[in-house]
Amino acid sequence: DTEVTQTPKHLVMGMTNKKSLKCEQHMGHRAMYWYKQKAKKPPELMFVYSYEKLSINESVPSRFSPECPNSSLLNLHLHALQPEDSALYLCASSQDPRSNIQYFGAGTRLSVL
Amino acid sequence: SQQGEEDPQALSIQEGENATMNCSYKTSINNLQWYRQNSGRGLVHLILIRSNEREKHSGRLRVTLDTSKKSSSLLITASRAADTASYFCATYSQGGSEKLVFGKGMKLTVNP
């Protein structure tokens with residue numbers, strides 16, 4: 001099983017809402033990632049979790065809050081987002097955090113109204 | 001920051017033709033990878049080439065790496081309409097970096 005599952009596929013939220021994006025993998029990978037991708041742009045790294053600990057935060061605004069409850073799950077909690085945060089949010093995992101192939105989920109298309 | 005720059009940014013070809021995409025990067029790398037992304041979907045890993053390798057093949061894909069020029073190329077032979085997608089090169093910097101940095105990407109359109 002080489003699948004990374006993201007839910008929901010689509011999300012529309014207001015600027016005062018609180019929502020969460022979920023990501024799950026059962027490949028035994030010990031590194032998980034959140035990326036943000038705007039249209040016609042490459043993915044931009046947001047967070048890296050290595051062995052369930054946050055190892056990289058790319059200066060992401062605090063309205064995005066990651067959580068790694070266990071080695072298979074990764075959440076991204078959203079609060080007080082801005083319209084410019086509308087994007088495709090991608091989750092990925094890799095066997096370990098250094099120099100490995102990353103496996104991506106299909107993404108969550110987020111629209112902030 | 002973006003490490004890689006693909007060239008050309010967009011390419012349109014006919015089915016059966018070959019497609020070549022080039023990527024340049026700036027720092028010393030551990031490996032270079034190519035990913036494909038169908039419209040609005042997740043990325044799929046295509047091939048990885050290590051810094052001590054010069055060429056690698058996988059099916060219809062051929063990747064070359066020139067570390068002296070800090071560049072790589074991806075060749076797709078006998079293209080198919082299903083190859084229509086965006087293609088990204090991505091690199092891990094040398095020294096055990098945990099950060100995979102993507103290039104700007106190239107949109108390939110294969111016309112039937």
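All chains are named by letter (A, B, ...) in the order of the sequence lines, taking the proteins before the strands, and each is independently numbered beginning at 1. These values consider heavy atoms only, across backbone and side chains, with no hydrogens, waters or symmetry-generated copies.
- Looking at A:Q37, only its side chain comes within 4.5 Å of chain B, counting heavy atoms on both sides.
- For A:R30 and A:E52, the salt-bridge test passes: some basic side-chain N is under 4.0 Å from an acidic carboxylate O.
- At most 12 heavy atoms of other shown residues, nucleotides or ligands fall within 6.0 angstrom of atom CZ in B:R80.
- Applying the salt bridge (charged side-chain N to carboxylate O under 4.0 Å, His left out) rule to pairs touching residues 61-70 of chain A yields A:R63-A:D85, sequence neighbours excluded.
- Remark: of the listed residues B:N111, B:D83, B:T84, B:V110, B:V110 is the sole one forming a side chain to side chain contact (heavy atoms under 4.5 Å, CB included) with B:E15.
- Residues of residues 105-113 of chain A lying within less than 4.5 angstrom of chain B, judged on heavy atoms, are A:G105, A:A106, A:R109 in numerical order.
- When the side-chain contact (heavy atoms from CB on, under 4.5 Å) test is applied to A:L73, the partners found at least two apart in sequence or on another chain are A:E24, A:P69, A:N70.
- Pairs of residues two or more places apart, or lying in two chains, that qualify as ring-ring contact (aromatic ring centres under 6.0 Å, His included) and include a residue from residues 58-98 of chain A are A:F64-A:Y89.
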